[in-house]
Amino acid sequence: MWEVFGYDNEQNKSFTYKCHRVVLATGTSDSPNVVNVPGEFSHMGKVFHCLTGFEKAIEDLVNKNADFVDDVRAVDPVLIIGSGFSAFDAAICARNYKIPIIHQIRKNAISVERLLNRVYYPEYFELKELNELQQSLYKQCLEYTLSEIYMVWGKLYVKLVSPEQEVVTHQVSLVAILTGSKADLSYLPLSYQNGKALAVDPTKEIDSKNNSIHINPSSHEVLKAAQGLYALGPLVGDNFVRCTLGGAIAVTSHIAKSTH
């Protein structure tokens, strides 16, 4: 038997559920990764660690800047840091409004287009083509490192260090640091060590790409926990919505079969 304790903010009171089964589906985006550079947390409304906030700032930037030069919006570029889908989604968002983009990517990162089908996700492939044909709108900086974010007379600047250790300064409108995030599983029993004890490699933190919760793939039941605990979504490495639906069906099927 599992006990779930929580707090209802609307009714302003605590609650407790007792149940035979619990499904973990809280994702891995609770604690964004940081790059630990000067100025990273000094410019609220300009530097973002989540896609949602960045997209809202892009809309505000568009509403304040309607002019174009050579079919590119007349604003300072946005700097996007990250090699995963969130970073590329941020680039696509800015590209759709014709906002110039500087995209810092790890050289050894797995190319997004290698993971996707061009027929269903053409926008990711278009970014690569833009990097080759129209760098005034989209430019990739492979293996560059962000070293500082600072403000001068109300203008935002960033310093990037090239692989050859050359320091390059850019004036930018916004910065999106989208280098992944970690799950917060502190609500689990203490013996599960914030989820580490449930992972494929219990010596490392839960990671949706490299160290997910260890489950039975046919039922999604957690292998290293007491009976009745399930997990799905990014917690088990399923980072696409279509995969999450399959996990939900697997859990539901297993529970239904177990009750008869």
Is the backbone of [Y] close enough, under 3.5 Å, to the side chain of [X] for a donor and an acceptor to pair up by distance?
X	Y	answer
Trp2	Ala226	no
Ser212	Ser208	no
Arg21	Leu229	no
Tyr157	Thr169	no
Asp67	Ala74	no
Asn63	Glu59	yes
Arg73	Asn65	yes
Asn194	Leu185	yes
Lys224	Ala199	yes
Ser173	Val78	no

Interatomic spacing from [atom1] in [X] to [atom2] in [Y] - rounded to 0.5 Å:
X	Y	atom1	atom2	result
Asn9	Lys13	CG	NZ	13.0 Å
Leu232	Ile215	CG	CD1	8.0 Å
Leu146	Cys141	CG	SG	11.0 Å
Glu164	Glu143	CD	CD	10.0 Å
Leu142	Ser83	CG	OG	9.0 Å
Asp184	Ser29	CG	OG	10.5 Å

Which heavy atom of [X] sits nearest to which heavy atom of [Y], and what is that distance?
X	Y	result
Ala183	Gly27	CB-O, 3.6 Å
Ile213	Ala231	CD1-CB, 4.2 Å
Ile206	Gly195	CD1-O, 3.4 Å
Pro100	Ser136	CB-O, 3.5 Å

Side-chain heavy-atom pair [X], [Y] within 4.5 angstrom cut-off:
X	Y	value
Ile101	Arg95	yes
Val4	Thr16	no
Glu40	Val34	yes
His170	Leu160	yes
Phe54	Val47	no
Ile80	Ile102	no
Lys98	Phe68	yes
Val22	Leu24	yes

Q) Checking side-chain contact (heavy atoms from CB on, under 4.5 Å) against Lys159, which of Thr145, Ile149, Val167, Val37 comes through? A) Val167

Does any donor atom in the side chain of [X] or [Y] lie under 3.5 Å from an acceptor atom in the other side chain?
X	Y	value
Ser42	Tyr150	no
Glu221	Asn216	no
Tyr144	Gln104	no
Tyr230	His254	yes

Q) Can Lys64 and Asp60 be counted as an ion pair, charged N to O under 4.0 angstrom? A) no

Q) For Lys182, which of Asp30, Asn33, Thr28 qualifies under side-chain hydrogen bond (donor to acceptor under 3.5 Å, both in side chains)? A) Asn33

Under a single-linkage definition using a 4.5 Å side-chain heavy-atom cutoff for Ile, Leu, Val, Met, Phe, Trp and Tyr, are [X] and [Y] assigned to the same hydrophobic cluster?
X	Y	answer
Leu137	Leu174	yes
Ile81	Val161	no
Leu188	Val236	yes
Ile92	Ile99	yes
Leu235	Tyr192	yes

Q. Do His103 and Phe88 make the cut of ring centroids closer than 6.0 angstrom?
A. yes

Q.
If you take the centroid of each ring, where Trp contributes its six-membered ring, are His49 and Phe41 closer together than 6.0 Å?
A. yes

Are more than 12 heavy atoms, taken from residues, nucleotides or ligands other than [X], located less than 6.0 Å from that residue's [atom1] atom?
X	atom1	answer
Lys196	NZ	yes
Asp8	CG	yes
Met44	CE	no
Tyr7	OH	yes
Lys204	NZ	no
Gln227	CD	no

Q. Going through the distances and angles, do Ser181 and Ser31 end up as a side chain to side chain contact (heavy atoms under 4.5 Å, CB included)?
A. CA-CA 5 Å; Ser181 56; Ser31 304; 5.8 Å; no

